[in-house]
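Worksheet: the structure to be examined is printed underneath.
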2 protein chains.
Amino acid sequence: IIKLLNIRKVYRAGEVDVPALKDVTVDIQKGTFVSFVGPSGSGKTTLLNIIGALDTPTKGTVTVADTNIGLLNSKERAMFRGENLGFIFQDFNLMPVFTVFENIEYPLIMVKKTPKERRKEIVHSLLSKVNMLDQKDKFPDQLSGGQKQRVAVARALTTSPRIVLADEPTANLDHESAYMVINLMKKLRDESGVTFIFSTHDTKIVGEVDIIHTLEDGIIQKSEEVKYG
Amino acid sequence: IIKLLNIRKVYRAGEVDVPALKDVTVDIQKGTFVSFVGPSGSGKTTLLNIIGALDTPTKGTVTVADTNIGLLNSKERAMFRGENLGFIFQDFNLMPVFTVFENIEYPLIMVKKTPKERRKEIVHSLLSKVNMLDQKDKFPDQLSGGQKQRVAVARALTTSPRIVLADEPTANLDHESAYMVINLMKKLRDESGVTFIFSTHDTKIVGEVDIIHTLEDGIIQKSEEVKYG
Ligand SMILES: Nc1ncnc2c1ncn2[C@@H]1O[C@H](COP(=O)(O)OP(=O)(O)OP(=O)(O)O)[C@@H](O)[C@H]1O
Ligand SMILES: Nc1ncnc2c1ncn2[C@@H]1O[C@H](COP(=O)(O)OP(=O)(O)OP(=O)(O)O)[C@@H](O)[C@H]1O
Ligand SMILES: [Mg+2]
Ligand SMILES: [Mg+2]
């Protein structure tokens, strides 16, 4: 469902060129759990942003759900993301002026134009799945780190995306909450064929995935198949 | 070096009172590695903020380095923090308009009034210890999650504090960087008697501490001694 061919990404920092990704080629199958692992600074977040059409590569082609997203303009990319993808950002990226409920509801209003009653159903259902229903009227700055992370997880799933890009989705979670999130994701994959792409250092997630790609110095050093169906 | 007696902390969220900490009493010995563990939302960050004089309890007394910090006014608390404490925040809290170098240098200018040449020495030394020397001129938004975390670690140590409050200091780090940070902290404890207080879900840290306090529902449920000197 995702094909990356010779992806190169160079950032400019001051007068220096930073090649965050040098040459990445990888295919991702629909309905799989795939994890990119690697040292801090190895390019995982950069890669997820490119797959998720949030950023464009300096070179190479990215095909997601049969769409060459490099050919889309910025408005088309935004529409494509809204209709197909869900994101859990490494820094959560919650909107401080909206409550927990409103943060999770937002993509349903903006993208799916879901009617109010149905929105409430969906958001409440996700909130209880991540054990945050009693916190729904709080603002992000009134939440603990792990509570913000769980809200970010719920928000990523609210539009029933085909593909979820999850950047360190359990970094701030205790054991129990981490497994709750992982099991929620497995259920979505089993029931609806959702594809999950992780960037993580958490061995709890790595133990649950189908394929592990090791990223180091901007290239994929090795790919291992972990489970056998 | 730290004594907490009957600490209670209640937040107000809308019309509801949230008792983040209900009754916490604990002593922390100088030069130890102490970790608070517990579920997401159990009060760990709140407790660290109170120990670190960043927040005041609703009830109870906090004594740090023989000072009853509850009796200090806000200006005195800021001075006390600057002279005695170092903080690694769960969300890093880096200043976006300053470079990596300037972020780490900041406490030395503001608190210690260290002269320029000496500041450069200290900052460069810490930067190389967290393996970030080649990133010193970048801005926080040009860094990966783990790179920001390492800058936050360096900044906490720059004033040679007596006590370091570390809130999830390894959440975004790969195995190698996490152990590099832990070993740096152990070295400081062994050489200079620095006390480290962690709030963490990371079993890598928990495996290295002297005492583990389990926080749940706003009280310490149990305390375990892990090492025997
Ligand atoms: N400003 C605030 N207003 C209202 N409630 C708050 C506020 N800050 C924290 N809380 C609540 O206090 C409780 C404890 O929060 P705290 O951040 O200390 O948890 P934590 O143990 O650090 O969790 P985590 O492991 O998820 O970081 C949580 O239920 C949180 O929602
Ligand atoms: N806007 C930017 N400008 C310059 N360099 C950048 C920018 N964004 C990222 N980088 C650099 O690109 C490299 C890869 O960053 P990336 O965030 O993808 O790493 P990562 O694998 O996600 O790391 P972590 O595990 O620490 O989150 C890093 O060296 C980082 O400093
Ligand atoms: Mg990252
Ligand atoms: Mg916390």
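Numbers restart at 1 for each chain; the letters A, B, ... are given by sequence-line order, proteins then strands.
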Exercise. Considering residues, nucleotides and ligands other than A:K187, do more than 12 of their heavy atoms fall under 6.0 Å from its NZ?
Worked result: no
Problem set entry | Residues in residues 167-178 of chain A that sit under 4.5 Å from chain B, counting heavy atoms only | A:E168, A:A171, A:N172, A:L173, A:D174, A:S177
Exercise. What's the spacing between A:E15 CD and B:D137 CG if we round to 0.5 Å?
Worked result: 10.0 Å
Problem set entry | Contact class of B:V16 relative to chain A, heavy atoms under 4.5 angstrom | neither
Problem set entry | Full working for side-chain contact (heavy atoms from CB on, under 4.5 Å) between B:Q142 and A:V18 | CA-CA 10 Å; B:Q142 295 173 319; A:V18 181; over 6 Å; no
Exercise. Does a sphere of radius 6.0 Å around CZ in B:F80 hold more than 12 heavy atoms from other residues, nucleotides or ligands, not counting ones at 6.0 Å or beyond?
Worked result: yes
Exercise. How about A:K59: does its NZ atom have over 12 heavy atoms from other parts shown lying under 6.0 Å from it?
Worked result: no
Exercise. When rounded to the nearest 0.5 angstrom, what distance separates NZ in A:K148 from CD in B:Q90?
Worked result: 7.0 Å
Exercise. Near B:F139 CZ, under 6.0 Å, is it more than 12 heavy atoms from other residues, nucleotides or ligands?
Worked result: yes
Exercise. Is it the side chain or the backbone of A:S144 that comes within 4.5 Å of chain B heavy atoms, both, or neither?
Worked result: side chain
Seminar exercise, completed: Heavy-atom closest pair (B:S40 atom, A:Q147 atom, distance to 0.1 Å) is OG-N, 3.4 Å
